[in-house]
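Please read the structure below before turning to the comments.
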Amino acid sequence: MSTTYRAVAWNPQKRRYDMVAGGLVLGFLVVFLGVQATLRPELTVETLLIRALAAGAFTLLNIILCIGPLARLNRRFLPLLYNRRHLGVMMFTLALAHGVFSIVQFHSAGTLNPLVSVLVGNARYTTISQIPFQPFGLAALTILFLMAATSHDFWLHNLTAPVWKTLHMGVYVAYALIVLHVIFGVLQGETSLLLAWTLGGGVLTVFTLHGLAARQEARLDREEESLRIDGFVDVCSVADIPEKRAVVRCLSGERVAVFRYDGQVSAISNVCQHQNGPLGEGRIVNGCVVCPWHGYEYLPDTGASPPPFTEKVPTFDVRVVAGRVLVHPQPHPPGTRVQPAMLDVARRA
Amino acid sequence: MWKPDEEEFFIGYAPPMPPRLGRFVRRVVIGIGCFVVIVAVTLASGHLRLEGGTFEFGHPKSFSGTIVERPYPGLRLDGVDSNVEPWPLLVAPGKHGADALVRGLDGRHITLTGTRIQRGAHTMIEVEPASLPSRVSEAASMVATALLEQSDKAAVELTGEIVDSKCFLGVMVPGSGKTHKECASLCLRGGIPPALYVQDRAGHSSLLLLVGPTGEPIGARAVQAAGEAISLTGSIQRRGGWLVLRTDPTFWRRVD
């Protein structure tokens with residue numbers, strides 16, 4: 001008997017995802033351009049494109065930032081998370097096109113280098129009404145470029161997951177910079193209430209969803225105060241764990257996913273090495289714990305991905321005593337095999 | 001409240017998507033599609049109407065007249081009464097004035113090729129440099145310059161926005177305001193004639209070319225104030241159909 005493992009590259013789900021996302025982006029641009037060209041015939045083509053690309057990029061960024069907390073609050077949104085990085089690259093492409101068109105339109109063909117003009121064309125930082133908005137946009141675009149350029153798993157593996165994840169948390173800095181770019185730019189320039197309300201609605205939605213998701217996550221991070229026996233913590237009864245699934249408990253500051261499968265119980269870290277996905281919300285398929293975010297797999301007894309993959313997560317000692325599941329909060333090094341706790345036949349039934 | 005379906009589990013690389021989840025995702029995608037259309041319409045219609053002129057880009061024409069070099073390059077068109085139609089100002093392509101192009105041509109009658117920029121009664125021509133004749137060094141005539149000094153001066157105090165006349169007259173829409181500030185700054189730095197755009201409470205507006213106290217060009221001194229509201233004093237003259245404001249930038253006050 002043998003099996004082979006093949007790296008996941010482009011697949012039908014990703015293709016479908018990209019086609020739908022691309023269609024929605026294209027639809028947005030067509031509708032925006034059509035409506036604005038009709039209502040504002042005085043505008044030049046360049047201005048129309050600059051506005052459409054900016055509006056498209058910012059709307060897409062708001063959607064991207066909502067997907068994460070939505071998937072935390074309701075697992076049915078997870079398919080939207082699966083290929084979110086491609087949405088990010090699309091958004092960066094729109095933002096880059098907006099930036100390039102704007103620099104060509106407003107900062108080129110003069111006596112200064114266009115980039116120098118962006119940075120020093122207006123130095124009135126001390127007056128609220130005159131604060132330059134372009135540097136905020138340029139800084140955001142730089143962050144988005146770093147994220148788009150390192151979005152492939154090649155960089156995830158080479159930079160290591162913690163560094164990569166920290167870098168990509170920069171999206172929130174970029175979001176804040178873009179909000180400032182919009183406030184000190186078009187909102188000060190036009191004082192349009194409709195634009196202001198739309199911006200406010202987007203920001204409020206992003207903040208609210210993150211707040212709700214954070215509150216839910218905080219509940220998971222409550223430290224287990226249950227009975228300790230020989231250093232083991234009573235986390236739940238066997239019956240609390242559905243077959244081939246897990247319960248998640250916080251032990252010594254770390255979330256632990258306790259899986260029940262085939263008459264055994266194993267405990268591993270809840271944090272996927274790929275993108276910190278919640279392994280405890282996954283399930284066991286073909287003998288492996290499958291991460292619900294991107295499908296990374298780990299053997300429940302070793303915490304290691306099946307060869308040739310090399311991801312490893314910490315494992316924990318587990319006991320089952322009188323129908324109760326006990327987990328030792330001290331983690332073993334990632335990939336360390338731990339003997340699963342065996343359930344008795346009666347309990348299994 | 002929604003409860004997770006114990007049977008369905010999505011793995012991106014292992015199609016097909018579970019049926020109930022697939023139906024949910026389809027509904028979400030349709031919802032996002034509707035949202036996208038609503039946001040696109042809202043944002044597109046949320047922008048305010050802008051005033052602007054026209055730039056006949058790609059449609060150059062020939063213009064014949066007498067070159068006026070100071071304070072800013074202009075062309076006194078043949079057969080056109082400047083009291084009826086202000087003579088066109090001349091600028092170079094990009095964010096550059098035409099000073100270097102017309103230097104030494106003051107008072108000379110020429111035919112040039114350029115692209116018209118127009119807003120209301122005011123016209124500007126973006127000159128194709130190759131269409132101008134070779135420079136002359138001693139051909140300056142005082143005829144055109146003399147025509148500048150026509151009307152009485154009137155002392156005024158005004159508040160308005162410092163704009164670059166090229167973008168304002170139609171090359172850019174918006175050609176004024178905060179989003180155009182750096183572009184205006186670059187244009188003035190490059191020699192585009194500076195102007196003051198003023199509006200009264202009734203909505204009437206005027207564009208005044210700005211010159212220094214002795215009638216000298218002041219584009220370089222206006223760079224820092226480009227795109228900003230300024231309160232200033234000076235005296236107004238009419239020259240070639242344009243309102244020209246003599247003012248000293250040293251005494252300009254920003255209105256933040």
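Because the structure is a prediction, the values reported are computed rather than measured. All chains are named by letter (A, B, ...) in the order of the sequence lines, taking the proteins before the strands, and each is independently numbered beginning at 1.
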Among B/Gly177, B/Gly33, B/Ser45, single out the residue with the greatest number of heavy-atom pairs under 4.5 Å to chain A. B/Ser45
Output the option from A/Gly34, A/Ala196, A/Ser108 having the highest count of non-hydrogen pairs under 4.5 Å with chain B. A/Ser108
Residues B/Val41 and A/Val35: closest non-hydrogen pair is CG2-CG2, 4.1 Å
After noting the C-alpha distance and the side-chain angles of B/His180 and A/Phe106, does the key distance pass the side-chain contact (heavy atoms from CB on, under 4.5 Å) rule? CA-CA 7 Å; B/His180 183 262; A/Phe106 294 113; 4.0 Å; yes
Among B/Val25, B/Val36, B/Leu50, B/Val39, who wins on heavy-atom pairs under 4.5 Å with chain A? B/Leu50
Look only at the side chain of A/Thr47 and the backbone of B/Val173, and say whether a donor-acceptor pair between them is shorter than 3.5 Å. yes
side-chain contact (heavy atoms from CB on, under 4.5 Å) assessment of B/His96 paired with A/Thr111: CA-CA 8 Å; B/His96 300 281; A/Thr111 53; 3.8 Å; yes
Most chain B-contacting option - heavy-atom pairs closer than 4.5 Å, from A/Glu46, A/Arg16, A/Arg51: A/Arg51
Can you tell me how far CD1 of B/Ile11 sits from CG of A/Asn11, rounded to the nearest 0.5 angstrom? 12.0 Å
So, taking the atom named CD in A/Gln105 and the one named CE in B/Met172, what distance separates them when rounded to the nearest 0.5 Å? 4.0 Å
Pick one of side chain, backbone, both or neither for A/Glu281, based on which atoms fall under 4.5 Å of a heavy atom in chain B. backbone
If I measure from the heavy atoms of chain A, does B/Phe55 come under 4.5 Å with its side chain, its backbone, both, or neither? neither
Return yes when atom CG of A/Asn286 has more than 12 non-hydrogen atoms of other residues, nucleotides or ligands closer than 6.0 Å, and no otherwise. no
Report the distance from atom CG of A/Leu80 to atom CD1 of B/Ile32, rounding to the nearest 0.5 Å. 5.5 Å
Any side-chain donor-acceptor pair under 3.5 Å between B/His47 and A/Glu190? yes
Can any side-chain N or O of B/Lys178 pair as donor or acceptor with the backbone N or O of A/Val186 at less than 3.5 Å? no
For B/Thr42, is it the side chain, the backbone, both or neither that has a heavy atom under 4.5 Å from a heavy atom of chain A? both
If you count heavy-atom pairs within less than 4.5 Å of chain B, which of A/Thr191, A/Asn122, A/Thr198, A/Val285 leads? A/Asn122
Check whether any side-chain heavy atom of A/Pro292 sits under 4.5 Å from a side-chain heavy atom of B/Phe9, and report yes or no. yes
Please name all residues satisfying side chain to side chain contact (heavy atoms under 4.5 Å, CB included) with B/Pro19, sequence neighbours left out, ordered by chain then number. B/Glu8, B/Arg23
Roughly how far apart are A/Thr59 OG1 and B/Ile38 CD1, rounded to 0.5 Å? 12.0 Å
If we only count heavy atoms from C-beta on, is the B/Leu43 to A/Phe58 side-chain gap below 4.5 Å? no
Is there a side-chain contact between B/Phe10 and A/Gln13, using heavy atoms and a 4.5 Å cut-off? yes
By a 4.5 Å heavy-atom criterion (distance strictly below it), what part of B/Val223 contacts chain A: side chain, backbone, both, or neither? neither
Give me the contact list for residues 60-69 of chain A versus chain B, heavy atoms only, anything under 4.5 Å, ordered by residue number. A/Ile63
How far apart are the closest heavy atoms of B/Ala40 and A/Val31, and which atoms are they? CB-CG1, 3.7 Å
Passes side-chain contact (heavy atoms from CB on, under 4.5 Å), A/Phe28 versus B/Val37? Steps please. CA-CA 6 Å; A/Phe28 180 95; B/Val37 170; over 6 Å; no
Ring centres under 6.0 angstrom apart (B/Tyr13, A/Tyr82): no
Once rounded to the nearest 0.5 Å, what's the spacing between atom CZ of B/Arg49 and atom OG of A/Ser192? 13.5 Å
B/Glu182 and A/Pro132, any side-chain heavy atoms less than 4.5 Å apart: yes
For chain B, the option from A/Ala21, A/Ser117, A/Gly189 that forms the most heavy-atom pairs under 4.5 Å: A/Ser117
Residues, nucleotides or ligands: over 12 heavy atoms within 6.0 Å of A/Phe77 CZ: yes
At a heavy-atom separation under 4.5 Å, does A/Tyr17 approach chain B through its side chain, its backbone, both, or neither? neither
dist B/Leu48:CG -> A/Arg40:CZ (nearest 0.5 Å) comes out at 7.0 Å
At a heavy-atom distance under 4.5 Å, which candidate from A/Gly56, A/Pro41, A/Gly110 has the highest pair count against chain B? A/Gly110
Heavy atoms, side chains only, cut-off 4.5 Å: are A/Arg124 and B/Gln224 in contact? no
Hey, are the side chains of B/Glu51 and A/Glu42 touching, using non-hydrogen atoms and a 4.5 Å cut-off? no
